[in-house]
J.: 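After the structure tokens below, expect a handful of questions from me.
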Amino acid sequence: MPHPMSPTQISKLQHHLHHWYNQNHRPMPWREIPNPAQNPYPIWLAEIMLQQTTVAAVIPYYQRFMQTFPTVHALANAPLATILHHWQGLGYYRRAHLLHQCAQYVSQQLNGTFPTTHSGLLALPGIGPYTASVIMATAYNQPATVVDGNVERVIARLFAIATPLPKAKPTITKHAAQLSCHQNPRIHANAVMELGATLCTPQSPKCPQCPISTFCKAYKAKNPTNYPKKITKKTLPRHQATAFLITDKQGNIYLRQRPTKGLLASLWELPHTGLPKDPPTPLPFNLTSHPVTRSSGHPVIQHTFTHFHLTLHLQTAQVQTIPKENRFHPQKNLPPLSTLMLKALKQVLITLKKP
DNA sequence: AAAGCGGGGGC
DNA sequence: GCCCCAGCTTT
């Protein structure tokens with residue numbers, strides 16, 4: 001495939017882009033750590049958190065993790081439950097499990113030293129092609145082609161790529177590789193992503209401020225938001241379930257732990273009638289759910305997961321004794337919970353207070 | 001190759 | 001409401 005840009009043009013594009021990045025990039029805590037090549041731990045941690053997650057959502061979690069687990073050894077030696085607790089609300093909880101596994105491997109098998117090659121990084125739990133490349137470029141300042149959602153969009157617009165994703169991924173990767181910069185891999189990788197995140201955005205790209213708009217085919221055609229093209233997705237199915245707030249007279253509540261695989265792996269939850277694909281789990285205390293009725297007065301939580309919408313109806317019940325392993329107090333010792341269950345708990349505790 | 005996996009923010 | 005996000009693992 002002949003590349004539409006000459007080496008001279010590529011060099012100019014890189015210069016404009018890198019200059020823009022140096023003047024305009026947002027400060028990010030993991031970029032300010034000195035000697036990332038000697039200690040890639042902060043960048044690795046941040047990159048795992050940044051998988052399918054925006055910078056703004058990650059920053060507070062990153063700060064708390066670095067405070068609590070300053071080294072890979074501290075993370076490796078922490079109980080999984082502690083890590084899940086700190087991860088609570090960030091989503092994609094499998095990442096927290098893989099983070100722990102990776103930290104234990106690096107701490108125990110590699111004496112705390114992360115691999116310095118792409119293939120070495122790729123072999124670690126939770127690190128795929130993208131994360132291995134971004135660590136090579138931004139921690140070690142080594143040439144690597146980084147293609148995330150931002151880069152896909154920038155490249156698709158720059159070359160007006162008509163093929164829809166994900167089929168266009170190999171072509172996009174090829175173009176991204178030919179634009180990449182062996183003189184300054186760290187700045188280049190960060191700059192393309194920063195451009196996609198701040199100017200070359202999905203909805204309203206700020207082309208007048210863009211340092212490389214003069215090279216951009218989509219800008220020339222005045223239709224940047226036509227790219228990247230994508231296959232249209234199906235509408236999400238809707239499901240309903242009923243959850244129970246079971247209390248005793250001391251104000252304890254009944255929680256149970258989910259399986260270690262699948263949706264919301266190993267997080268705790270109020271007992272409920274079952275989410276899609278959940279293995280059937282009996283309700284404790286021979287509880288039965290009322291027939292689901294509209295506007296019957298009980299609290300209702302709306303929540304959306306990746307693959308379905310959920311309407312969660314809430315009921316309450318009081319029992320004499322909650323088994324020790326299921327007994328928790330909302331103000332004292334809650335285990336790691338999903339955002340859905342935090343919402344439900346919050347809502348139903350408010351309702352109980354009002355007589 | 002496709003499916004499974006959260007949550008939040010922009011519009 | 002719909003779309004997107006510094007993707008990886010499993011099947």
Side-chain angles (χ1 to χ4, degrees), chain A residues 25-26 28 30-31 43-62 84 87-99 101-102 121-139 144-154 156 165-167 169-170 176 186 188-198 200-205 225 228-238 258-267 275-278 301-310 336-343:
Chain A
H25 74 81
R26 300 165 293 175
M28 293 185 196
W30 49 91
R31 284 181 184 157
I43 288 181
W44 164 73
L45 175 62
E47 289 302 336
I48 300 300
M49 291 181 167
L50 286 163
Q51 291 167 2
Q52 296 299 96
T53 308
T54 54
V55 168
V58 161
I59 285 177
Y61 285 85
Y62 171 83
L84 284 174
W87 199 271
Q88 181 172 274
L90 194 56
Y92 285 121
Y93 297 91
R94 181 168 299 173
R95 291 183 296 173
H97 294 244
L98 297 169
L99 185 84
Q101 291 171 23
C102 184
L121 291 166
L122 197 52
L124 298 176
I127 297 186
Y130 165 78
T131 305
S133 292
V134 82
I135 291 175
M136 291 303 292
T138 66
T145 304
V146 174
V147 183
D148 68 349
N150 288 312
V151 179
E152 284 178 353
R153 188 170 52 257
V154 170
L165 287 170
K167 199 183 170 190
K169 180 92 180 203
R186 177 179 292 139
H188 185 82
N190 280 327
V192 185
M193 292 190 285
E194 188 79 1
L195 186 73
T198 63
C200 195
T201 52
Q203 311 281 350
S204 307
T225 57
K229 299 195 180 298
K230 299 202 175 185
I231 308 293
T232 57
K233 302 171 197 171
K234 302 173 207 170
T235 60
L236 302 185
R238 294 181 172 281
R258 294 181 56 79
T260 54
K261 297 196 168 201
L263 186 68
L264 306 172
S266 70
L267 296 185
L275 304 179
K277 299 270 191 141
D278 272 359
I301 300 292
Q302 296 291 344
H303 193 77
T304 302
F305 292 95
T306 312
H307 292 341
F308 63 93
H309 300 288
L310 177 70
L337 298 162
S338 65
T339 296
L340 168 66
M341 288 301 158
L342 286 171
K343 276 199 241 177

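Here is the naming used below: chain letters follow the sequence lines, and residue numbers restart at 1 for every chain. Below, all heavy atoms of this structure are taken into account, side chains as well, without hydrogens, waters or symmetry copies.
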J.: Starting at atom CG of Leu50(A), determine the distance to atom P of dC8(C), rounded to an integer number of angstrom.
T.: 12 Å
J.: For atom C1', what is the distance between dT10(C) and dG7(B), given to the nearest Å?
T.: 22 Å
J.: For Phe308(A) and for Pro166(A), locate the closest nucleotide of DNA chain B by heavy-atom distance; then report the residue assigned to the nucleotide nearer the 5' terminus.
T.: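 Its nearest nucleotide lies further toward 5', so the answer is Pro166(A).
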J.: For dG8(B) versus dT9(C), give the span between their C1' atoms, rounded off to a whole number of Å.
T.: 23 Å
J.: Mind checking if Arg258(A) touches a base, just sugar-phosphate, or nothing, with heavy atoms under 4.0 Å?
T.: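 Result for Arg258(A) = nothing.
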J.: Can you give me the closest heavy-atom contact between Val146(A) and Ala189(A), atom names plus distance?
T.: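 Here Val146(A) and Ala189(A) meet closest at CG2-CB, 4.0 Å.
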J.: What does the B/S/- profile of nucleotides 6-11 of chain B look like, 5' to 3', with a 4.0 Å heavy-atom cutoff to protein?
T.: BBS---
J.: Give me the distance, rounded to whole Å, that separates dG9(B) from dC8(C) when you measure between the C1' atoms they each carry.
T.: 23 Å
J.: Quick one: are Thr131(A) and Leu121(A) in side-chain contact, heavy atoms under 4.5 Å?
T.: no
J.: Can you tell me the distance, in whole Å, between the NE2 atom of His97(A) and the P atom of dG7(C)?
T.: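 From His97(A) NE2 to dG7(C) P: 20 Å.
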J.: When you compare dC5(B) with dC4(C), how far apart are their C1' atoms, in angstrom units rounded to a whole number?
T.: 16 Å
J.: If I compare all heavy atoms of Pro237(A) with all of His307(A), which pair ends up nearest, and what's the gap?
T.: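 For Pro237(A) and His307(A), the tightest heavy-atom pair comes out as CD-O, 3.3 Å.
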J.: Between Lys230(A) and dC3(C), does any side-chain N or O lie under 4.0 Å from OP1 or OP2?
T.: no
J.: Please walk me through it: do Leu84(A) and His97(A) pass side-chain contact (heavy atoms from CB on, under 4.5 Å)?
T.: CA-CA 8 Å; Leu84(A) 284 174; His97(A) 294 244; 4.0 Å; yes
J.: Please name the pair of heavy atoms, one in Val151(A) and one in Ala176(A), separated by the smallest distance, quoted to 0.1 Å.
T.: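 In this case the closest contact between Val151(A) and Ala176(A) is CG1-CB, 4.3 Å.
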J.: Could you tell me how far dG6(B) sits from dT11(C) if I compare only their P atoms? Round to whole Å.
T.: 15 Å
J.: Using the closest heavy atom to pick a nucleotide of DNA chain C for each, name whichever of Lys261(A) or Val134(A) lands nearer the 5' end.
T.: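 Mapping each residue to its closest nucleotide by heavy atoms, the 5'-most match is Val134(A).
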J.: Strictly by modelled atom types, are Ser338(A) and Arg258(A) linked by a side-chain donor-acceptor pair under 3.5 Å?
T.: no
J.: For the residue pair Ala139(A) and Ile43(A), what are the closest heavy atoms and their distance?
T.: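 Heavy atoms of Ala139(A) and Ile43(A) come nearest at CA-CD1, 3.7 Å.
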J.: For the CG atom of Leu264(A) and the OH atom of Tyr92(A), what is their distance to the nearest 0.5 Å?
T.: 11.5 Å
J.: Taking the minimum atom-to-atom distance to the side chain of Thr131(A), which one of dC4(C), dA6(C), dC8(C) wins?
T.: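 The nucleotide sitting nearest to the side chain is dC8(C).
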J.: Quick one: Ile59(A) CD1 to dC5(C) P, roughly how many Å, whole number?
T.: 18 Å
J.: Rounded to whole angstroms, how far apart are CG on Leu121(A) and C1' on dC8(C)?
T.: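 Between C1' of dC8(C) and CG of Leu121(A): 15 Å.
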J.: Measure from CD1 on Ile48(A) to C1' on dC5(B) and round the result to the nearest Å.
T.: 15 Å
J.: Give one of base, sugar-phosphate or nothing for Pro129(A), where a contact means two heavy atoms less than 4.0 Å apart.
T.: sugar-phosphate
J.: When the distance from CG of Leu195(A) to P of dC5(C) is rounded to whole Å, what number comes out?
T.: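 Value for this atom pair: 14 Å.
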J.: What is the distance, to the nearest angstrom, from the CD atom on Glu194(A) to the P atom on dA6(C)?
T.: 10 Å
J.: Wobble G-U and Watson-Crick pairs count when both distances are under 3.5 Å; given that, what is the 5' to 3' dot-bracket string of DNA chain B, with | for pairing to other strands?
T.: |||||.|||||
J.: Specify the separation, in whole Å, of atom CH2 of Trp44(A) and atom P of dC8(C).
T.: 14 Å
J.: Is the closest side-chain heavy-atom distance between His25(A) and Asn190(A) below 4.5 Å?
T.: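 They are not in contact (no side-chain heavy atoms under 4.5 Å apart), so the answer is no.
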J.: Please name the pair of heavy atoms, one in Leu90(A) and one in Arg95(A), separated by the smallest distance, quoted to 0.1 Å.
T.: O-NH2, 3.4 Å
J.: Which nucleotide in the list dC2(C), dG7(C), dG1(C) gets nearest to the side chain of Arg238(A)?
T.: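 Nearest to the side-chain atoms of Arg238(A), counting from C-beta on, is dG1(C).
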J.: Which of these nucleotides, dG7(C), dC4(C), dG4(B), is closest to any side-chain atom of Arg153(A)?
T.: dC4(C)
J.: Locate the shortest heavy-atom distance separating Thr225(A) from Gln203(A); write the atom from each residue and the value.
T.: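 Shortest heavy-atom separation between Thr225(A) and Gln203(A) comes out as CG2-O, 3.2 Å.
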